[in-house]
Every structure is written in C-alpha cells, then in structure tokens.
Amino acid sequence: MPLRARTLHPWGLSPHEARVLQERLAPHVIREGRLERVRRVAGVDVGFEERGRLTRAAVAVLAWPTLEPVARAVARCPTAFPYVPGLLSFREIPAVLQALEALEGPDPDLILCDGQGLAHPRRFGLACHLGLLLDRPTVGVAKTRLVGTHEEPGPRRGDWTPLRDGGEIIGAVVRTREGVRPLYVSIGHRVSLPTAVRWTLACLTRYRLPEPIRAAHRLASGPPPRLGPGA
DNA sequence: GCGACAG
DNA sequence: ATCTTGTCGC
C-alpha cells in the first residue's frame, strides 16, 4: 500500500508559525531504533528549479542488499514557501509527499533524506519532519553543515567525528569516500545515530552519496533512466 | 553591526 | 538550489 502521511498540521503557514510548529513537533521525534529485516531502502532528493519556480522531489526505492532500483517517482509543485535556512521542510515536503504517494510496490523500510535530521537549530530538520509525518524510519544525509561544530574526520571511508551543538551530539560527520568532503548524517525518526551512520555507509557504492539518494537525484536532474531488460 | 545560513 | 572559473583525474 502507498506511503501516506498523517495530517499533523496545515501547510499554509508563515515562517514564524512554522518555527513554532517545529518546537511543538520536535519532542515527538523518536531518537532510537535498530531496523531489522530491511528489504528496501528509499532515497529522497529535493531541489528548486528556478525555471518555473518549481519545488522538485524525487524518490528512488532500491532493493536491499542488491541496491537494484525497484520503484521511482518525481513530483514538481509550484513553490509555496520561501527558502529560509531551518525551514526547508516547509518548502520541500509537499512535493516529497506527492512523489511518495505515487510510488508503486511495497513500502521501503528506511528512507534516506537529502537534508538534515536532528542536526538542526530546533532539532527538527526535513528528515525528522518527514519521518514523523509517515511514522517511518528516516535518516538525514546532508552535503553541507547547517548547525554544529566538529573536527575533521579521518581520510578513510567510514571515518567519522561527532557533530555537537549546545552540549549534545546532534549528528555525525562521515567520510563516505576518500578525497571528498564528508557528509552530515543525523537521526531523522525511529533510528539511533549509530544505526543512521551504519545504514548510510551500508548504502555506499563508489560515490560520495549513498546510492538511494544518488538514484533519486539522477532521476530528476541526470540523464534519463536506462530501462533494464525486465522493464 | 557583521557573518552564517540544509536545498 | 544555480552560476562561473580553475584544476585535476580518468
């Protein structure tokens, strides 16, 4: 059955109302969870298309552990919320939900999101917001830092250092490939930080980004998908 | 006041 | 996110 979001709140909010809502919802994020019997891992990519002022979301579902794509969907919506650092989910999640609800086949057991999770000023990044709406395990995987301080992780794939803010560990700075900038991994919902880091690393191939997110990003902005012999 | 600031 | 310029690896 299709992934469906709970209606926890309305979407036509002002930036101020959005901040207040984040503070109300953040305590509901579950910061633990181990994941057993993972069969499918989804990646979510979000972005803005200046031409047409559209918010774009792409989702790819990959089988575990083969990482073969089994489902994909793209959605574009007229952008209805400004880009404000810390409020990205209010701009992007409507398109993400539209794409998720169009997916065919069995639901993913884990969703890797393009953006922060707990590594957010109010501990409620896009991955937390999406995880709470769906009540499913999510992980935030961001290419650059939003908040927090950290030391540079070691040079080898899998090396990581804690990301700290306000006296707590809010994420991990993970070297996913030698010679490239690290990624910022944080809890989204229903996973522990070690689980979030483990699955980010488990989904790596030879690239900087975990394969489900790469597949999603490629879907909307890369070359057209090559259909396999079974399609 | 000045810089920082997911996508 | 997007754009531009310069450098490096395959």
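What you see below is based on every heavy atom in this structure, not just the backbone, and it leaves out hydrogens, waters and symmetry mates. Since the model is a prediction, treat every value here as computed from it, not as a measurement.
Applying the 6.0 Å contact sphere to CZ of A/Arg156 captures no more than 12 heavy atoms from other residues, nucleotides or ligands. Counted within 6.0 Å of CD on A/Glu152, heavy atoms from surrounding residues, nucleotides or ligands total more than 12; the atom is thus considered enclosed.
Here B/dG7 presents its P atom at 13 Å from NE2 of A/His120, a figure rounded to the nearest Å. We find that CG of A/Leu87 is positioned 11 Å from C1' of B/dC5, with the value rounded to whole Å. Taking atom NE2 on A/His217 and atom C1' on B/dG7, their separation rounds to 11 Å, with Å as the unit. Atom-to-atom, CG of A/Leu183 to C1' of B/dG7 comes out at 14 Å; the value is rounded to the nearest Å. Nucleotide B/dA6 holds its C1' atom 12 Å from the CZ atom of A/Arg122, rounded to whole Å. Per the geometry, CZ belonging to A/Arg53 stands 13 Å off C1' belonging to C/dT2, to the nearest Å. Remark: P of B/dC5 and CZ of A/Arg19 are 17 Å apart, rounded to the nearest angstrom. Between the P atom of B/dA6 and the CG atom of A/Leu118 lies a distance of 17 Å, rounded to the nearest Å.
In terms of the salt bridge (charged side-chain N to carboxylate O under 4.0 Å, His left out) criterion, residue partners of A/Arg4 (sequence neighbours excluded) are, by chain and number, A/Glu101.
No contact: A/Asp45 has no heavy atom under 4.0 Å from any strand. If you check every strand for non-hydrogen atoms under 4.0 Å, A/Gln116 touches a base. A/Leu54 comes within 4.0 angstrom of no nucleic acid atom, judged by non-hydrogen atoms across all strands.
Under 3.5 Å, the side chains of A/Glu151 and A/Thr161 contain no donor-acceptor pair of N or O atoms.
No salt bridge links A/Arg218 with A/Asp45; every basic N to acidic carboxylate O contact stays at or beyond 4.0 Å.
Of all non-hydrogen atoms in A/Ala26 and A/Arg122, the two that sit nearest each other are CB-O, 3.5 Å. What you find for A/Arg136 and A/Leu3 is that their closest heavy atoms are CD-CD1, 3.4 Å.
Regarding contacts with the backbone of B/dA6, a side-chain N or O of A/Tyr83 is found under 4.0 angstrom from either OP1 or OP2.
DNA chain B lies under 4.0 Å from at least one heavy atom of each of the following residues of residues 127-159 of chain A: A/Ala142, A/Lys143, A/Thr144, A/Arg145, A/Leu146.
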